[in-house]
> 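Quick one: structure below, then a few questions.
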Amino acid sequence: MKVGVIGTGYVGLVSGTCFADSGNDVICVDIDESKVERMRKGEVPIYEPGLNRVFDRAIREKRLSFTTDIEKAFKESEVIFLCLPTPPGADGQADLSFVLNVADQLGDLFNKFPGYRVIVNKSTVPVGTADRVHEKIAAKTDHEFDVVSNPEFLREGAAVEDFMKPERVVVGTSSDKAAKLMTALYEPFVRSGNPIIIMDERSSELTKYAANAMLATKITFMNEIANICEKVGANVDNVRRGIGTDSRIGKRFLFAGIGYGGSCFPKDVQAIHHTAGEYGYDFRILDSVMKVNETQKVSIVEKMKEFYKGDLKGKTVGVWGLAFKPETDDVREAPALYITDELAKLGVKMRAYDPEAVDTFKAAASEIAKENIEFVSDRDSVIDGVDALVICTEWNEFRRPDMERFSKVMKAPVIFDGRNLYDLERAKEAGLTYISVGRPSVNV
Ligand SMILES: NC(=O)c1ccc[n+]([C@@H]2O[C@H](COP(=O)([O-])OP(=O)(O)OC[C@H]3O[C@@H](n4cnc5c(N)ncnc54)[C@H](O)[C@@H]3O)[C@@H](O)[C@H]2O)c1
């Protein structure tokens, strides 16, 4: 099949590459000229495990190409995926300008290059967007087309694997013709029997928000349980094991920490909350989720203030992890952005390391944070001579450090762990002062 992908971010580039890998001819369009230039030279512009290998193969076999020219991609494609940003706009509403501007261009292109095409919204968009995109195009052309909703559920850090083996594919369309075409396109990815669920456009659009809102709620619920654990002297690890074995609850997404971040959960929770409000419905549970997450993100700073009795000025603190989660260079809404900003304002000097996200972090961090952070290129030199270490991201390489080294090289072996990486007994044996989330503090 001839596939066009508009927008080559985490979703567009992974989707385009995987569609090319399954034998389709894919043209990817982006307005970012330097990004297109890099991809043309064979460079993958984001860090995503496993993407390089599939990308290289698709390029070698000439099934994947890149352009800044939307006309070229439109002319050659039967299915066109919109993988455009939908950032939070005013009041948390999803900003649809990227999607609607491209829809406007597509209307003109149908007149120039007639022929049935399916336009697919893969961006996360509010209910009713498929209709709005349809109207935009139909205002310009009488040619036959369908607009389909096909939300993406991939996780950054496991995006290729998720795309190649999705637990489900959701397709929202009322057109049999479009449903057949979408089914043919996705069949290679669901050979093990996972479903392609066809539904109406609005339900499909809402499914994506419902999924992310549910997951953000699950994380937040566990964070609140962790906060209660700290008050009553319980251990959230035990509570997690105790409830996770209940199959109605499930084991996954029950790890307490310093809040959810990333490019999706924060904005999608806001957006569905906003949509509910527009329809006169007060989505109260999500109000709480957003409020709790705001405080959870900087809860570690509160613990530091308490430990140092409010006197953090002049301290030097190491930071392990800047990305919003491991295996990605994405720092959008990463807790580390907020924590480093707060610490810098309190007069703390920092030394930070992340295996992949230093450049993206530098582009997103506040000026005051950057002025007070020395970025280093390895895990171990972060901790030399520091007063404390803060762990913001659970990269694998932070899980098994030489525990004895903390006491040897740090000014004081004090660790504030926002990701609960270490066993409490082990921390005690190593002589650490170890403060984590929802678990008893060690040697305090
Ligand atoms: N990142 C994720 O994990 C994820 C997962 C599921 C769904 N989504 C959704 O998918 C959508 C895209 O997310 P993303 O993380 O890939 O975004 P991104 O910001 O990484 O990428 C968007 C790309 O679109 C390009 N672009 C902007 N305007 C354009 C235009 N007019 N023509 C061509 N290209 C244009 C940008 O240059 C950028 O490369 C969003 O709606 C997001 O909510 C994201």
Side-chain angles (χ1 to χ4, degrees), residues 4-18 27-39 44-49 51 66-74 77 80-89 92-106 109 119-126 129-130 133 136 149-163 166-167 169-170 204-205 207-213 215-216 260-272 323-325 327-334 360 363-364:
V5 174
I6 306 183
T8 58
Y10 290 86
V11 168
L13 183 56
V14 171
S15 307
T17 305
C18 294
I27 303 189
C28 292
V29 187
D30 207 288
I31 43 165
D32 182 338
E33 287 178 17
S34 65
K35 196 176 198 180
V36 169
E37 210 32 58
R38 286 169 68 189
M39 294 188 287
V44 176
I46 53 171
Y47 174 73
E48 191 54 58
L51 184 56
F66 301 95
T67 179
T68 51
D69 182 4
I70 189 169
E71 191 167 312
K72 181 174 183 319
F74 184 90
S77 307
I80 295 163
F81 283 84
L82 308 185
C83 302
L84 294 156
T86 48
Q93 191 176 10
D95 173 1
L96 278 182
S97 58
F98 294 89
V99 171
L100 295 177
N101 286 342
V102 167
D104 211 38
Q105 287 174 269
L106 294 178
L109 290 170
I119 309 300
V120 187
N121 267 336
K122 200 172 240 326
S123 298
T124 302
V125 289
T129 303
V133 169
K136 274 265 175 203
S149 158
N150 169 221
E152 181 50 57
F153 299 98
L154 63 76
R155 295 161 301 164
E156 284 178 24
V160 175
E161 201 190 325
D162 285 349
F163 197 93
E167 287 183 335
V169 174
V170 170
S204 165
E205 288 164 341
T207 298
K208 173 66 192 178
Y209 282 110
N212 277 359
L215 293 170
Y260 61 78
S263 68
C264 293
F265 288 173
K267 86 170 168 60
D268 293 349
V269 170
Q270 277 182 45
I272 184 175
F324 86 92
K325 67 172 182 179
E327 298 299 333
T328 183
D329 58 354
D330 199 341
V331 300
R332 288 178 279 187
E333 293 297 319
T360 45

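Note: hydrogens, waters and symmetry copies are ignored here, and every other heavy atom, side chains too, is used. Both ligands and their constituent atoms are indexed starting at 1 by order of listing. Index from 1, following the sequence.
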> Would you mind telling me if ligand 1 is within reach of the side chain of C264, the backbone, both or neither, using heavy atoms under 4.0 Å?
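The answer is the side chain of C264.
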> Between S263 and ligand 1, which part of the residue brings a heavy atom under 4.0 Å of the ligand: side chain, backbone, both or neither?
side chain
> Any non-hydrogen side-chain atom of D32 less than 4.5 Å from a side-chain atom of P45?
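Not in contact.
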> Please could you name the atoms of ligand 1 that I6 approaches to less than 4.0 Å, counting only its heavy atoms?
32 (N), 33 (C)
> At what distance is the nearest protein heavy atom to atom 41 (O) of ligand 1, and which residue and atom is it?
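Checking every protein heavy atom, the shortest distance to atom 41 (O) of ligand 1 gives T86 OG1, 2.6 Å.
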> Return the residue, atom name and 0.1 Å-rounded distance of the protein heavy atom closest to atom 24 (O) of ligand 1.
G7 CA, 3.4 Å
> Return the option from V11, L84, T328 holding the heavy atom at the smallest distance from atom 11 (C) of ligand 1.
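Nearest heavy atom to atom 11 (C) of ligand 1 lies in L84.
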> Would you mind checking which non-hydrogen protein atom is closest to atom 25 (C) of ligand 1, with the distance to 0.1 Å?
D30 OD2, 3.3 Å
> If you take all heavy atoms of F153 and A211, which pair is closest and at what distance?
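Taking F153 first and A211 second, the nearest heavy atoms are CE2-CB, 4.1 Å.
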> Specify the protein heavy atom at minimum distance from atom 1 (N) of ligand 1: its residue, its atom name, and the distance to 0.1 Å.
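Protein heavy atom with the smallest distance to atom 1 (N) of ligand 1: E156 OE2, 2.7 Å.
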> Closest heavy-atom contact between V125 and E205?
O-CB, 3.8 Å
> Quick one: are L13 and M39 in side-chain contact, heavy atoms under 4.5 Å?
yes
> Say whether, by atom type as modelled, one donor and one acceptor occur between the side chain of E48 and the main chain of A159 under 3.5 angstrom.
yes
> Looking only at protein heavy atoms, identify the closest one to atom 43 (O) of ligand 1 and say how far it is in Å.
K267 NZ, 2.5 Å
> Ignoring hydrogens and geometry, is there a side-chain-to-backbone donor-acceptor pair from K72 to T67 under 3.5 Å?
no
> Got the closest protein heavy atom to atom 6 (C) of ligand 1, with its distance?
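Sorting protein heavy atoms by distance from atom 6 (C) of ligand 1 puts E152 O, 3.2 Å first.
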> Please say whether D32 places an N or O atom under 3.5 Å from an N or O atom belonging to ligand 1.
no
> Do you know which two heavy atoms are closest between V170 and P151, and how far apart they sit?
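Of all heavy-atom pairs spanning V170 and P151, the closest is O-CD, 3.7 Å.
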> Regarding atom 32 (N) of ligand 1: of the candidates I31, T67, V14, L13, which has the closest heavy atom?
I31
> With heavy atoms of K35 as the reference, note each atom of ligand 1 found under 4.0 Å away.
38 (C), 39 (O)
> Among T124, V125, V102, which one puts a heavy atom closest to atom 31 (N) of ligand 1?
V102
> Minimum heavy-atom separation for P49 to G157, with atom names?
CG-O, 3.5 Å
> Need the ligand 1 atom indices (1-based, order shown) with element for anything under 4.0 Å from a heavy-atom of K208.
6 (C)
> For atom 21 (O) of ligand 1, which protein heavy atom lies nearest, and how many Å away is it?
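The protein heavy atom lying closest is G9 CA, 3.1 Å.
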> C83 and S123: which non-hydrogen atoms are nearest, and at how many Å?
C-OG, 3.6 Å
> Can a non-hydrogen atom of R155 be found less than 4.0 Å from any atom of ligand 1?
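Not so, R155 does not reach ligand 1.
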> For the backbone of L106 and the side chain of K136, can you confirm whether one donor and one acceptor N or O come within less than 3.5 Å of each other?
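Side chain of K136 to backbone of L106, a donor-acceptor pair under 3.5 Å: no, none is there.
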> Side chain or backbone of F98 under 4.0 Å from ligand 1, or both, or neither, by non-hydrogen atoms?
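The answer is the side chain of F98.
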> Would you say the side-chain atoms of T86 pair up with the backbone N or O of T124, donor to acceptor, closer than 3.5 Å?
yes
> Please find the pair of heavy atoms, one from Y10 and one from L154, that lie closest to each other, and give the distance.
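Scanning both residues, the minimum pair turns out to be O-CD2, 4.4 Å.
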> Considering non-hydrogen atoms of the protein only, which is the closest contact for atom 17 (O) of ligand 1, and what is the distance?
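Of the protein heavy atoms, R332 NH1, 4.0 Å lies nearest.
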